[in-house]
Amino acid sequence: MRTHMCGELREGDVGKRVRLCGWVATRREHGEHLAFVDLRDHSGVTQCVVGGSVEARSEWVLQVEGTVRRRPAGNENPELPTGDVELADCNVEVLARAEPPPFAVDDRVESDESVRLRYRYVDLRRPRMQGNLRLRSRVLTALREAMLRQGFCEVETPLLWTPTPEGAREFAVPARLHRGEFYVLPQSPQIAKQLLMVGGVDRYFQMARCLRDEDLRADRQFEFTQLDVEASFVSASDVREAVTEAVVEATEAAVGERPGEVKSISWQEAMDRYGVDKPDMRFEMELVDLGEVFAGTEVRAMAAQCVKGLRVPAGAQLSRNRVDALAERAKQLGAKGLASFKVAGTRSGGEPVLESALEKFLSATERAGLVSATGAVPGDLILVVADSWRTACEVLGQLRLELGRPPVGTGGRRLCWVTDFPLFEGLDDEGVPIAAHHPFTMPHREDLDLLDSDPLAVRSEAYDLVLNGWELGSGSIRIHREDIQRKVFDVLGISPEDAEARFGFLLGALRYGAPPHGGFAVGVDRLVALLAGEENIREVIAFPKTQSGTDPLTGAPKPLSAQSLRELGLRVEAR
RNA sequence: GGUCCUGUGGUGCAGCCUGGAGUGCACGCCGGCCUGUCAAGCCGGAGGUCGCGGGUUCAAAUCCCGUCAGGACCGCCA
């Protein structure tokens, strides 16, 4: 139907008779003898010169046959890649008429997201969405190619899986042939890929759709895509290298430049320096340990297990209200309080001048120590939290983000690995440890003895990949020995009978020759969003759901017909 | 389950605090004029359940209560 795309024609095409197909982007009429129609497809727009009487409105679909010619001198449009040429002597065929669109197909006009989703097929015509979809396609291709090049084999795993009551809430699928029984949609192919390792696949990957019935967020949808990876006979760093290679390749394919050095940092160090397990390394403002400064302090507010400080450059100019709000925020985040010190200047003797409610209680040594440890200069603000180690780190880490974080899409791309996560993230109400990653995560070899005596101190062979403060994914070396797996289940309070009922098929596989193995999963939606400079993954998904899990386009979810329910053996209870 | 923000012609917004006739702006739409525009321009016009329900009031887009929808976040996401 067409010989060229709408964004394709250049001066070198002058004289050619061509056919374009696309949508009417704009129409400019100049009386009955002259009109311009900008014809748009995903590649761009071309100006078509038509008689004034042409019948074509916004978003009509046209086929235009015409001759490429240079625009009259002085009438070129430098804003357009095709701006030196235009289509003349046009023969216009209307392929489809269109009602006026509910909103302008134009990146410059913002529209309410629920309206955009209801008319997603119109929204997708906008350059922004076209760009995002195509960027996503390039990322998927680059990831796939990188994995194949490294000897990985793509294997598809079932979407109809078995319930594994553990972790995220699963979507259930009634089994028509087995009344009263259900499949579930996989929250991840975790166990399936481990079985592939036992099956000798050696190096597996998959662009895996994962489904979790949990509440939605800007960075979370019910269904999402992971680059799922698993490999046998590998160390944690082997896995990280393979994944790094793929993500670096994808970044280059998406934005044309490779990210800088990919750092690696232990979980402990990440918490100490950034106060989070997913540090945003695009900016400094690292947390400072003030334990020594306040070691023997007389100030009760500073006497705690851990004292940490955050230097806010030029923070002294923050208003009193703003600083009060920070203190309020700190309490909201779980701190007992937040001390703040404005660095006003320096006395002749070199002693810093601090402005703070606590200032008069500090010794001269503490004043000097506070300033030198944080590296603060006059004009700065120093925030201090004295609390448990965990609270002090987390509260200041959050304030660091709120005070200094650059907008999405700016400050470059800083990838880092966070390693040596704790195996357990805490205790439940009954004092039983809770798995931080999943229950198949290998404990650190050196910490195996601590499983009984001090489980919370056990480090794991788990690692996260972080890009600009977003968790891109996580992985681990898995347990491949049945005895260790049973031991971990035991610590987690899962009885042998329970374990057999839930994961019996996995434990069975471990008895039939399981190679040491480990893997990873990259959150592709988040990766694409970051590379596209979007702060919401819905912008890189063709047909996303709203925060309440509905689809304004189709109206899903909807009730099932009485007959469908009967076939499935289901009865719906009134609310 | 919870906190906060938003809801006004097709679209985006102002009006709400401090109640007084659906008042306004921009875009779009319809009609007219216009032979070099490019988000064309000029003139004219149409288009409204102020999300929905209740309350207060002589009077509610505006104040109060409830509810629905969208969004941000907490919980949740092994």
Side-chain angles (χ1 to χ4, degrees), chain A residues 25-40 45-53 57-59 69 71-80 82-84 86 88 98-119 122-123 164-170 186-188 190-191 210-222 224 329 332-334 398 402 421 423-426 428 433-441 460 462 471 474 476 488-489 492 494 502-503 521 523 526 535-536 538 544-550 552:
Chain A
T26 59
R27 185 186 47 134
R28 297 177 291 279
E29 282 189 272
H30 295 254
E32 54 184 306
H33 298 294
L34 178 67
F36 301 100
V37 168
D38 286 348
L39 200 65
R40 178 194 63 235
V45 299
T46 295
Q47 172 167 288
C48 305
V49 185
V50 296
S53 60
R57 302 287 165 130
S58 282
E59 302 306 318
R69 75 174 180 204
R71 292 195 188 190
N75 285 304
E76 300 86 359
N77 184 351
E79 306 280 302
L80 290 180
T82 60
D84 288 332
E86 62 189 7
E99 290 179 22
F103 48 84
V105 181
D106 187 326
D107 286 347
R108 288 167 294 198
V109 181
E110 264 313 311
S111 194
D112 189 81
E113 202 182 341
S114 59
V115 182
R116 290 175 53 202
L117 291 183
R118 184 156 74 241
Y119 301 96
V122 175
D123 190 40
T164 50
E166 183 80 29
R169 188 180 299 113
E170 295 158 327
Q187 38 174 308
S188 90
Q190 179 59 40
I191 296 178
C210 305
L211 299 108
R212 295 181 187 172
D213 189 4
E214 298 289 354
D215 287 6
L216 288 65
R217 289 282 194 282
D219 61 351
R220 275 162 35 192
Q221 285 272 303
F222 282 154
F224 56 99
R329 181 80 180 117
Q332 196 186 343
L333 291 167
Q398 186 58 38
E402 290 175 15
F421 273 74
L423 188 63
F424 306 107
E425 64 181 9
D428 69 13
I434 304 161
H437 187 49
H438 56 58
F440 321 116
T441 304
S460 72
E471 183 191 321
S474 55
S476 63
V488 170
F489 279 153
L492 286 169
I494 302 173
R502 291 198 219 172
F503 312 111
R526 289 181 186 177
E535 39 197 320
N536 192 309
R538 293 189 298 271
K545 306 265 187 300
T546 65
Q547 197 166 61
S548 63
T550 63

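Numbered from 1 within each chain, the chains take letters A, B, ... in sequence-line order.
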Remember a base hit wins even if backbone is also touched, and classify [X] as base, sugar-phosphate or nothing at under 4.0 Å, heavy atoms.
X      : answer
A:P72  : base
A:R526 : nothing
A:T550 : sugar-phosphate
A:R169 : nothing
A:Q47  : base
A:E86  : base
A:N536 : sugar-phosphate
A:R116 : nothing
A:E29  : base
A:T164 : nothing
A:A104 : nothing
A:E76  : base

Kindly give the heavy-atom pair with the smallest separation between A:P101 and A:S58, and that separation in Å.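 Of all heavy-atom pairs spanning A:P101 and A:S58, the closest is CD-CB, 4.3 Å.
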
Just checking, any donor-acceptor pair under 3.5 angstrom between side chains of A:R538 and A:Q547? no

Does a donor on one side chain sit under 3.5 Å from an acceptor on the other, for A:E113 and A:T546?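 No, no side-chain donor-acceptor pair sits under 3.5 Å.
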
Scan every strand shown for a Watson-Crick or G-U wobble partner of B:rC4, both distances under 3.5 Å, and answer none if you come up empty. B:rG71

Provide the Watson-Crick or G-U wobble partner of B:rG24, both distances under 3.5 Å; none if there is no partner.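 Per the H-bond distance test, B:rC13.
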
Would you give the length of the straight line joining atom CG of A:D123 to atom CZ of A:R116, rounded to the nearest 0.5 angstrom?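 Going from CG on A:D123 over to CZ on A:R116, the span is 4.0 Å.
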
OP1 or OP2 of B:rG70 less than 4.0 angstrom from a side-chain nitrogen or oxygen of A:S548, does that happen here? yes

CD1 of A:I434 versus C1' of B:rC76: gap in Å, rounded?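 That distance rounds to 13 Å.
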
Protein-nucleotide distance (A:R28, atom CZ; B:rG36, atom P), rounded to Å: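 For the pair A:R28 CZ and B:rG36 P, the rounded distance is 13 Å.
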
In terms of the angle between their ring planes, are A:Y119 and A:F103 parallel, tilted or perpendicular, with boundaries placed at 30° and 60°?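 Ring orientation, 0 to 90° scale: perpendicular.
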
Is the aromatic ring of A:H30 within stacking range of B:rG36, meaning centres under 5.5 angstrom and planes under 30 degrees?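 No; by the centre-distance and plane-angle rule, A:H30 does not count as stacking on B:rG36.
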
